[in-house]
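Heads up, the thing below is written out as structure tokens.
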Amino acid sequence: MKKTVKDYIRTIADFPHEGILFRDVTTLFADARGFRMAVDQLLHPYAGERIDKVVGLEARGFILGGAIAHQLTTGFVPIRKKGKLPGTVISEAYTLEYGEAVMEIHDDALAAGERVLIVDDLLATGGTCEAGIRLCERLGAEVVGCAFVIDLPDLGGRRRLERLGMNVHALCAFEGA
């Protein structure tokens, strides 16, 4: 039987807290065929579209985004947690279940009119990605899509991003939180 991307993802119970089923993509990244499959499938819907930059969300989005940018022969831009980028940045706060977080991008990372693809490993509530979208748009870029390896549909992230008018692409889904 042919393996799917989902077959390469390990589930770890009770991490980082009791009752959580952590979807671990490091096993996907460690397997050459699995990793290539994921990268190819993530960029497939955007083949032939003009994409000027791939934007990766910290931290596993960097691994995927760098590989996708390479395949598309385009630049890569990281969106990081507050305080991690060395240059002048713009910031966007967003809420988590347990508080607030802040994401940042260099203020010169994207030019007005550039078309960007946002990439991350997991779509849960969509808060991190929404902050990333807002940062890109504040710099004048157009977000053409948001691509994820895993969607957790029960947490509503896809609906949240689609309400913002985003094209959301996920390779697989896991039920529950």
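Remember, predicted model here, so these are calculated numbers, not experimental data. The figures here come from the full heavy-atom set of this structure, side chains too, leaving out hydrogens, waters and symmetry mates.
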State the [atom1]-[atom2] distance between [X] and [Y], to the nearest 0.5 angstrom.
X: Leu117; Y: Ile51; atom1: CG; atom2: CD1; answer: 4.5 Å
X: Cys172; Y: Phe148; atom1: SG; atom2: CZ; answer: 12.5 Å
X: Thr128; Y: Tyr94; atom1: OG1; atom2: OH; answer: 3.0 Å
X: Arg50; Y: Thr74; atom1: CZ; atom2: OG1; answer: 9.5 Å
X: Ile133; Y: Ile118; atom1: CD1; atom2: CD1; answer: 5.0 Å
X: Asp154; Y: Thr125; atom1: CG; atom2: OG1; answer: 13.0 Å

Side-chain ([X]) to main-chain ([Y]) donor-acceptor, under 3.5 angstrom:
X: Thr27; Y: Tyr8; result: yes
X: Arg10; Y: Arg23; result: no
X: Asp121; Y: Arg60; result: no
X: Glu137; Y: Arg134; result: no
X: His169; Y: Ala147; result: no

Taking the side chain as every heavy atom from C-beta outward, state whether [X] and [Y] have any pair of such atoms under 4.5 Å apart.
X: Pro153; Y: Arg158; value: no
X: Ile150; Y: Val25; value: yes
X: Ile68; Y: Gln71; value: no
X: Phe35; Y: Ile63; value: yes
X: Tyr46; Y: Asn167; value: yes

Looking only at heavy atoms, which two atoms of [X] and [Y] are closest? And how far apart?
X: Leu28; Y: Gly34; result: CD1-O, 3.3 Å
X: Gly65; Y: Val54; result: O-CG1, 3.6 Å
X: Ile79; Y: Cys136; result: CD1-SG, 4.2 Å
X: Gly126; Y: Leu161; result: O-CD2, 3.9 Å
X: Ala69; Y: Gly75; result: CB-O, 3.7 Å
X: Phe62; Y: Phe76; result: CA-CZ, 3.7 Å

Before giving the answer on side-chain contact (heavy atoms from CB on, under 4.5 Å), spell out for Thr11 and Asp24 the whole-Å C-alpha distance, their side-chain angles and the decisive distance to 0.1 Å. CA-CA 6 Å; Thr11 298; Asp24 181 16; over 6 Å; no
One thing to verify: whether Arg80 and Glu58 come together as a salt bridge, which I'm taking to mean a side-chain N less than 4.0 angstrom from a carboxylate O.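 Here Glu58 pairs with Arg80 in a salt bridge, since their nearest N and O are under 4.0 Å apart.
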Ion pair check, Arg160 and Glu130, cut-off under 4.0 Å: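 Glu130 and Arg160: salt-bridged.
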Under the side chain to side chain donor-acceptor pair (under 3.5 Å) criterion, do Thr4 and Asp7 qualify, and how do the steps go? CA-CA 5 Å; Thr4 67; Asp7 295 325; 3.3 Å; yes
Exactly one of Leu171, Leu123, Val168 should register a side chain to side chain contact (heavy atoms under 4.5 Å, CB included) with Asp151. Which one does?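 Going through the options one by one, the only one that passes is Leu123.
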Within one Ile-Leu-Val-Met-Phe-Trp-Tyr cluster: Ile90 and Leu57, side-chain cutoff 4.5 Å: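 In one cluster with Ile90: Leu57, yes.
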Please determine whether the number of non-hydrogen atoms from other residues, nucleotides or ligands lying under 6.0 Å from atom CZ of Arg36 exceeds 12.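 Counting other residues, nucleotides and ligands, CZ of Arg36 stays at 12 neighbours or fewer.
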Can you tell me if Lys81 has over 12 outside heavy atoms packed within less than 6.0 Å of its NZ?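 No - once you tally the heavy atoms of other residues, nucleotides and ligands closer than 6.0 Å, there are 12 at most.
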Apply side-chain contact (heavy atoms from CB on, under 4.5 Å) to Val149 and Leu122, showing your working. CA-CA 6 Å; Val149 174; Leu122 179 77; over 6 Å; no
side-chain contact (heavy atoms from CB on, under 4.5 Å) between Val143 and Met166, intermediate numbers included: CA-CA 8 Å; Val143 178; Met166 292 295 120; 3.5 Å; yes
Nonpolar side-chain network containing Val89, other nodes, edges under 4.5 Å: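 Val89 shares its hydrophobic cluster with Leu85.
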With sequence neighbours left out, write down each residue that passes side chain to side chain donor-acceptor pair (under 3.5 Å) with Gln41, or none if nothing qualifies.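 Listed in chain order: nothing, the list is empty.
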With sequence neighbours excluded, tell me which residues meet side chain to side chain donor-acceptor pair (under 3.5 Å) with Glu142.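 Arg115.
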Before giving the answer on side-chain contact (heavy atoms from CB on, under 4.5 Å), spell out for Val116 and Asp52 the whole-Å C-alpha distance, their side-chain angles and the decisive distance to 0.1 Å. CA-CA 6 Å; Val116 302; Asp52 300 304; 5.7 Å; no
Report yes or no: is the cationic atom of Lys6 (NZ for Lys, CZ for Arg) under 6.0 Å from the centre of the six-membered ring of Phe174, at an angle within 45° of the ring normal?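 Verdict for Phe174: a cation-pi partner in Lys6.
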Is it the case that the side chains of Thr95 and Glu100 hold a donor-acceptor pair, with the cut-off being a distance below 3.5 Å and no angle test?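 No, no side-chain donor-acceptor pair sits under 3.5 Å.
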